[in-house]
Amino acid sequence: MKVCRRCLYTDLHPLGLVIDGEGICSGCRVHEEKDRLDWAARWELLAKLVDGYRCASGENYDCVVPVSGARDSFFIVHTVKKRLGLNPLLVTYNKHYNTAVGIRNLARLRTLMDCDIMTQVIDPDRVKRITRATFRRWGSIYWHCLAGQTVFPVQIAVKMKIPLIIWGHHQGLDQVGMFSHLDEVEMSRRHRRNHDLFRQEAEALVHDHDFVRPADVHPYRYPHDEEIAAVGVRGIYLGNYMRWDTKAQHEAMMDLYDYEAVPQTRTFDTYNDLDCWMHSDLHDYIKCAKWGYGRATDHAVRELRFRRLTREQAGSVVSEYEAKPPANADLFLQWVGITSNGFDFILDQHRNGKIWQREGHYGPWRRTSEWNDAHTAATRDPDLLDMVHSDCSFRVRSAHSVCDDRQGFILVGKGEYLSPIEQTSRALCK
Amino acid sequence: MNSPRLVAAIVVRDGLHVQSFGFRSYLPVGNPVESAREFDRWGIDEIALILLDDDPQANRRLVAEVSSAIAVPLAAVGGVRQISDAKAYIAGGADKIGLNFALAADTGLVRESAALFGNQCVVASVDVVLVRKKSLRWDYWKKQASGQDAAAWVGEVEEMGAGEVFINFPERDGVGEGMDVEAIKDIVDCTNLPVVALGGIGTTAHAEDCFRSAAPSGIGIGNRLAHFEQSVLLFKKALADAGAPVRAGVKSNYTDSPTDVAGRPLKKSESFLRDLVFQRIEPEAI
């Protein structure tokens, strides 16, 4: 096991990580491009590319844009609609673990941007059966979210004959440097299957033991090659053409559109994934058990590479947040119908033996000496970046309402958004 | 004469399919089996697994796993230190084994492999660099030119029993600015063996140029194939549109799609897309 001398990632990263002769990882190397490339010229490439996809007759949308109640959705739609002047069809997969903040953000998004939106809400009973199956087989409570988010936009593009899908950034590129920005990588079935779905198609979930039938996984099936080719569907990533900086982008969107930002359980980032009760909570706790690190590491590494956190600060913020127990596990267990004991029993079978070892048969899990030694070795001779920003604070802005209380997941919510004028007129009416 | 082959080069390092740049730096793409499966479905003519790892057991397992996931011929290049490695690759389903280091270090191994499996099964992997306009053999382990003339070296490996040559250009690896057509032509002209050339393809025009001017038996593509969906189909289509000889691949619905210089699809006409609303699109089933 090796740890990058610059960031905190190990070569056990589930997306794959290459550490070069100087001890620096591929993710850090590709991140260097952010300060080296001519982004104005890259924006021109994007503008030229999307120009070819404008629907001249106006009878169809120009592109499909996948959105959620968080994760750069405002910035993506703002860029596509306001800066590129396209007419997008927004699509969103209902991840079932919705928070009120996420519902409000999504309502604000579709109201303020004047966009059409299509939502896919799968029958909760079916989602629960699938989630029990994916947790048993792969230790994942997030399979249906990943599978749904990555497939619904493609299905809509194929059905509605809209050949362009515009995504935000490519996670593999940002975290582990899977591709250079210059590769202009596009969405692919391979990436989804390989990195999101445990190297299986959705059909692999069909099993009598889990009560999952072929009809249950139908909504998660990727369109076949011929359908993609007939429409000519391609999915491009804005991050290849813009200097992607999620922190700065969210802050700009808070100023422009009142994007709500709230603290989360297991990460210091108050902007991403706040639409989900599980993401920076139980899902992250599971990720830590399986891979040895959680979202706090992902976020700290990102901020470190942007030179807003020193390596030392990043390390301490990770220790602080990754030690926190999940706060909303009970919501999930109640929803899915698993006991806390049963949950621990299954999770322990998916723990990585290279990272975790147990004291005795029933004792607590501790990091292996291999993990600790690799991290200690990396701190002995670190590659320290010069800081550019002295401050790495994340803002909080919340229009708190009674729905924010921890009552359970919100399957469908109206998420009323009132513009300042409407607020005034309503106050006057009273 | 057969149309030239399009060979997908899947470079494997630490068990991962990686993008390779100048034989020096690498970016992680994912699981090699997943990549091979896609390239096969998209109609590639051959897959070359370039194994950089020094772990014979892992290499053998991977060759077997890839071979069971694909239908096209598989060349397993690298990691052959002794005849048992070669036997394991073939038993695992590889159609050819590729030798590089062994060519210089252990000529007995090359001869033995050729005698055991036939010359057609033994691929000589030769790395070439240009030094003062002369093509020289590049030493993979020392990471420098060896001083030996590349064409003369190809003659030697032919005599040892190799039945095919893969030539690669470390200086062009991952650059995407075109192939060294002249050097490729020199080697193609001086040997009777089939030659597969790798290194430097960025646009479909680069491959077309090499096919026309050097006429190798095959062209290898590495990094580019991982950048977009159904890249093999689109690459072949762009070559066929330009009038270059390509082998018929699988059924493609990209026939009426315009493509850009890299072979990526552009938007089809609006009237075409409108009419498509009323058509049922069947998957190909054999």
Side-chain angles (χ1 to χ4, degrees), chain A residues 2 11 13 15-21 25-27 29-30 49-57 59-60 62 154 158-164 172-173 176-180 182-191 193-195 199 223-236, chain B residues 13-19 21 24-31 33-35 37-39 41-42 174 176 223-224 226-231 233-234 237 250-260 262 264-277 279-285:
Chain A
K2 271 192 281 186
D11 55 2
H13 196 294
L15 295 176
L17 189 82
V18 174
I19 295 181
D20 68 15
C25 78
S26 42
R29 287 297 183 210
V30 167
L49 195 163
V50 302
D51 255 348
Y53 284 88
R54 285 179 209 277
C55 184
S57 67
E59 288 174 359
N60 203 348
D62 297 332
V154 189
V158 165
K159 277 181 196 145
M160 299 191 56
K161 321 299 172 201
I162 308 169
L164 186 67
L173 184 153
V176 300
M178 204 174 268
F179 300 95
S180 154
L182 301 171
D183 292 339
E184 294 176 36
V185 65
E186 296 181 13
M187 164 194 89
S188 71
R189 176 203 302 269
R190 182 198 64 79
H191 187 277
R193 180 186 152 102
N194 193 162
H195 300 297
R199 295 186 56 205
H224 58 77
D225 283 356
E226 265 90 320
E227 286 179 299
I228 304 246
V231 184
V233 174
R234 57 194 291 210
I236 61 166
Chain B
R13 186 181 180 276
D14 283 341
L16 276 176
H17 172 200
V18 292
Q19 293 202 76
F21 301 89
R24 272 191 317 273
S25 53
Y26 305 94
L27 298 180
V29 173
N31 189 297
V33 183
E34 297 303 321
S35 305
R37 196 197 312 273
E38 297 295 276
F39 299 158
R41 215 182 56 244
W42 297 341
N223 302 357
R224 308 275 142 186
H227 295 171
F228 55 100
E229 191 76 76
Q230 302 190 45
S231 51
L233 270 170
L234 284 154
K237 176 198 139 46
V250 294
K251 178 175 167 264
S252 163
N253 281 336
Y254 280 116
T255 327
D256 34 25
S257 178
T259 50
D260 70 4
R264 300 189 192 213
L266 299 170
K267 189 180 180 180
K268 298 187 184 191
S269 77
E270 277 177 35
S271 58
F272 176 89
L273 289 172
R274 204 168 48 228
D275 293 346
L276 203 58
V277 172
Q279 286 175 30
R280 181 176 164 77
I281 307 159
E282 289 285 348
E284 186 183 42

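The shown structure was predicted, so the numbers you read here are calculated from the model rather than taken from an experiment. Each chain gets a letter, A, B and so on, in the order the sequences are listed, and its residues count up from 1.
Side-chain atoms of B:Glu229 and A:Val233, non-hydrogen and from C-beta on, never get closer than 4.5 Å to each other. B:Arg264 has its side chain within reach of A:Glu186: a pair of non-hydrogen atoms, C-beta onward, lies under 4.5 Å apart. In this structure the side chain of A:Val30 reaches within 4.5 angstrom of the side chain of B:Leu27, judged on heavy atoms. Side-chain contact between B:Ile281 and A:His224 is present, with at least one heavy-atom pair separated by less than 4.5 Å. When side chains are defined from C-beta on, B:Arg41 counts as touching A:Arg189, because their heavy atoms get closer than 4.5 Å. Between B:Tyr254 and A:Ile228, the closest side-chain pair of non-hydrogen atoms falls below 4.5 Å. Looking at heavy atoms from C-beta onward, B:Asp14 lies out of side-chain contact with A:Val18 at the 4.5 angstrom threshold. By the 4.5 Å heavy-atom criterion applied to side chains, B:Phe228 and A:Arg234 are not counted as neighbours.
Heavy-atom distances place no part of A:Met160 under 4.5 Å from chain B, backbone and side chain included. Of the atoms belonging to A:Ile19, it is backbone heavy atoms, and not side-chain ones, that fall under 4.5 Å from chain B. Interface residue B:Leu273: backbone and side-chain heavy atoms are both found under 4.5 Å from chain A. Heavy-atom distances place both the backbone and the side chain of A:Cys55 under 4.5 Å from chain B. Heavy-atom distances place both the backbone and the side chain of A:Glu184 under 4.5 Å from chain B.
Checked by atom type and distance alone, the side chain of A:Asp183 never pairs as donor or acceptor with a backbone atom of B:His227 at under 3.5 Å. Side-chain atoms of B:Gln230 come within 3.5 Å of backbone atoms of A:Asp225 as a donor-acceptor pair (strictly under, hydrogens ignored).
Take B:Lys268 and apply the side-chain hydrogen bond (donor to acceptor under 3.5 Å, both in side chains) test, not counting sequence neighbours, and it matches B:Asp256.
Ion pairing between B:Glu38 and A:Arg193 fails under the 4.0 Å rule for side-chain N and carboxylate O.
Here A:Ala230 is the residue among A:Gly16, A:Pro163, A:Ala230 with the most heavy-atom pairs under 4.5 Å with chain B.
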